[in-house]
Engineer: 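Please read through the structure below; I'll follow up with questions.
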Amino acid sequence: MGIIADRLKAKLNQALAPQQLEIHDDSAKHSGHAGAREGGESHFSVLVVSAHFEGLNRVARQRLINTTLAEELAGPVHALSLQTLTPDEYAAKK
Amino acid sequence: MSAESDVNTFIDTTIKGHDIVLFMKGTPDQPRCGFSSLVVQVLDHLGAQYIGVDVLQDNDLREGIKVYSDWPTIPQLYIKGEFIGGADIVREMFQSGELKTALAGQGLIEA
């Protein structure tokens, strides 16, 4: 994984103690598109499974992540596609 | 538009004056971003009437809507004045059938 992905991972781990965390760099799919950077690491999709999401609606869950990653979103990360699940929801999905 | 208050007034009036408002990059006919395009396709598929506001036309608006909604990205969907979310949330709500139920429940599409 790249430097940015590592940073996303470290911050999400610290803030949300996820049971499951998957970070995919989708930048190659967007090369040439506005916001894509040379070397990738501009477009990510992220799956976070965390007990911190219990009782929160989708907007609140994403706000939690947006706040956690505010620095990266204001900088190198152009697009972040999020899936936010509680452990129960994740188990039901499998 | 220049002053922050003008932008907020514009957003407020638009959201309150229309049942479904999509703040997006480009227009419903010509979306200029994959995430905006996805929400357009969902709304069209459900047969919803909505207005698209192209934030690329005005940088104050583009930044203003992020502050107004406390949401850092575009697109942003509002239904009956309520912030629903961005592309990920719209996609999830579409896939689960919640979006259709919500729109039909408010008489915005045929059930």
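Chain naming here is simple, since letters A, B, ... match the order of the sequence lines and numbering starts at 1 in each.
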Engineer: Which of residues 76-91 of chain B have a heavy atom under 4.5 Å from any heavy atom of chain A?
Structural biologist: B/Phe83, B/Ile84, B/Gly85, B/Asp88, B/Ile89, B/Arg91

Engineer: Count I, L, V, M, F, W, Y as connected when their side-chain heavy atoms are under 4.5 Å apart, and connections chain through other members. Are B/Phe35 and B/Val21 then in the same cluster?
Structural biologist: no

Engineer: Please check if A/Leu73 and A/Leu16 belong to a single hydrophobic cluster, counting links between Ile, Leu, Val, Met, Phe, Trp and Tyr side chain heavy atoms closer than 4.5 Å.
Structural biologist: yes

Engineer: Considering residues, nucleotides and ligands other than A/Lys11, do more than 12 of their heavy atoms fall under 6.0 Å from its NZ?
Structural biologist: yes

Engineer: Residues of residues 47-60 of chain A under 4.5 Å from chain B (heavy atom pairs)?
Structural biologist: A/Arg58, A/Val59

Engineer: Can you get from B/Leu43 to B/Val53 by hopping between Ile, Leu, Val, Met, Phe, Trp and Tyr side chains that sit under 4.5 Å apart?
Structural biologist: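 Yes; tracing contacts between hydrophobic side chains, which count when under 4.5 Å, links both residues.
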
Engineer: Once rounded to the nearest 0.5 Å, what's the spacing between atom OG1 of B/Thr73 and atom CG of A/Leu80?
Structural biologist: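 Nearest 0.5 Å value for the OG1-CG distance: 8.5 Å.
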
Engineer: List, one per line, each side-chain donor-acceptor pair under 3.5 Å for residues 99-111 of chain B, sequence neighbours excluded.
Structural biologist:
| from | atom 1 | to | atom 2 | distance (Å) |
| --- | --- | --- | --- | --- |
| B/Thr101 | OG1 | B/Gly97 | O | 2.9 |

Engineer: If you measure from CG on A/Asn66 to CG on B/Asp70, what distance do you get to the nearest 0.5 Å?
Structural biologist: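 Rounded to the nearest 0.5 Å, the CG-CG separation comes out at 8.5 Å.
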
Engineer: For the hydrophobic clusters of this structure (ILVMFWY residues joined by side-chain heavy atoms under 4.5 Å, transitively), does one cluster hold both A/Leu8 and A/Leu64?
Structural biologist: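 The answer is yes; both residues are in one hydrophobic cluster.
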
Engineer: Hey, could you give me each pair passing ring-ring contact (aromatic ring centres under 6.0 Å, His included) that has a residue in residues 48-67 of chain B? Not counting sequence neighbours.
Structural biologist: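 Every pair satisfying ring-ring contact (aromatic ring centres under 6.0 Å, His included) with a residue in residues 48-67 of chain B: there are none.
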
Engineer: Under a single-linkage definition using a 4.5 Å side-chain heavy-atom cutoff for Ile, Leu, Val, Met, Phe, Trp and Tyr, are B/Leu38 and B/Leu56 assigned to the same hydrophobic cluster?
Structural biologist: no

Engineer: If I take atom OG1 from residue A/Thr84 and atom CD from residue B/Glu92, how far apart are they, to the nearest 0.5 angstrom?
Structural biologist: 6.0 Å

